[in-house]
Amino acid sequence: MGKLLNRALMVAGLVVASTAAQAEKWDMPTPYSDQTFHTVNIKQFADDVRAATDGKLDITIHSAGSLLKHGDIKNAIRSELVPIGEFFMGLLANENPAFGIDTLPLVATSYEDAEKLWAAQKPEVEKLLERQKLMPLFSVPWPPQGLYTQKEIAKADDLKGTKFRSYNANLEKFATLIGAAPTQIEAPDIPQAFTTGRVEAMITSPSTGANTKAWDFLTHYSPINAWVPKNVVVINKASFDALDEATQKAVMDAAAAAEKRGWEMSQKEATEKTKVLGDNGISIIEPSDVLKTDLAKIGAQLLEEWQASASPEAKTIVESYNQ
Ligand code: PCA
């Protein structure tokens, strides 16, 4: 809008209308529901950007896969169908193992390790995404992943033959190695998949268990803390470059705050949501030594297979993580 016209509008008292006309409106898809702490966090991110830019950049969150299917979000950002979005980083494990290293059993099982792993992973993820003209803005972990079942599991063999809900390639391999039958199901579809009998066990966080009301269809939870996977918020580089400098700074500042806040929220969730599971009648059972040993063996086997097919980027991550 021309300066003169702008001035005329101001004089006419139409400043609000003129600001609204200049506002950049962005749609931001996420596969996860509104109650999910990641979604609460990105809504705060959008609010922060809106406040810092006086409404010039107005980001609308579309939750639970309502705008785009999980598997389509990354490519939609790439083609600028949407400028920004959130997804499960390990969903790209098939594209490059570097994206899925945080979904390997027993590599990083605590928040401390997860933070170290992200520090090692981030430069490689940045490089890989840059080739697609994408930029990671921030990444937030889910609470450590636990085992949900319809009976008590004393050893890995007890899972043989179970129909197992999966969310990415590494979890699928894990389920196959324990002799279960994996099926890929998105988080919002979990309740229906269980009630219709498509699946009967899963590995996910206390957050997703509580958000999907796991007590309606599951009886046992075992905090095996197998891995600490992450979501990532990715932006299209051209969309970002098209913003003026002050707006770019607002986005980067809000992203840094969201990453910090998200890690804190995740840690709080781990305790709070485990309690919610128990309060709603799920038996929370510490894994037996036998089960732990079984899982460690399967984890080692998976890691070996993974290393045999690891990309140069993935190898770099492992080396820098192990240092
Ligand atoms: N919840 C998501 C990803 C990992 C998690 O804890 C899910 O189950 O799909």
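Remember, it's 1-based here, ligands and their atoms both numbered in the order they're listed.
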Quiz item: Among Thr208, Thr103, Val228, Ile203, which one has a heavy atom closest to atom 2 (C) of ligand 1?
Solution: Thr208
Quiz item: Under 6.0 Å between ring centres, would you say that holds for Tyr32 and Trp142?
Solution: yes
Practice problem: Tell me, yes or no, whether the heavy-atom count around Lys133 atom NZ, taken from other residues, nucleotides or ligands under 6.0 Å, exceeds 12. | Solution: no
Quiz item: Hey, does Glu186 sit under 4.0 Å from ligand 1 if you only count heavy atoms?
Solution: no
Quiz prompt | Closest approach of any protein heavy atom to atom 5 (C) of ligand 1, naming residue and atom | solution = Thr204 OG1, 3.1 Å
Quiz item: Sub-3.5 Å donor-acceptor pair from the side chain of Glu86 to the main-chain atoms of Val233, do we have one?
Solution: no
Quiz item: Taking NZ, NE, NH1 and NH2 as the nitrogens, is one of them in Asp189 or Arg198 under 4.0 Å from a carboxylate oxygen of the other?
Solution: no
Quiz item: Counting each atom of ligand 1 from 1 as listed, which ones have a heavy atom of Gln145 under 4.0 Å away?
Solution: 4 (C), 5 (C), 6 (O)
Exercise. Pull out every atom of ligand 1 sitting under 4.0 Å from any heavy atom of Phe88, numbered as shown with elements.
Key: 3 (C), 4 (C)
Quiz prompt | Option passing salt bridge (charged side-chain N to carboxylate O under 4.0 Å, His left out) with Arg131 (candidates Glu124, Glu126, Glu95, Glu313) | solution = Glu313
Quiz item: Taking distance alone, with no angle check, do Ser205 and ligand 1 share an N/O pair under 3.5 Å?
Solution: yes
Quiz item: ligand 1 and Tyr32, any nitrogen or oxygen pair closer than 3.5 angstrom?
Solution: no
Quiz prompt | Contact atoms of ligand 1, heavy-atom distance to Ala187 under 4.0 Å | solution = 9 (O)
Quiz item: In terms of atom number and element, which parts of ligand 1 are under 4.0 angstrom from non-hydrogen atoms of Tyr167?
Solution: 4 (C), 7 (C), 8 (O), 9 (O)
Quiz item: Looking only at heavy atoms of Arg165, does any of them come nearer than 4.0 Å to an atom of ligand 1?
Solution: yes
Quiz item: Between Ser266 and Gly262, is there a donor-acceptor pair closer than 3.5 Å when you use the side chain of the first and the backbone of the second?
Solution: no
Exercise. Output yes when a side-chain donor or acceptor of Thr219 lies under 3.5 Å from a complementary backbone atom of Gln150, and no otherwise.
Key: yes
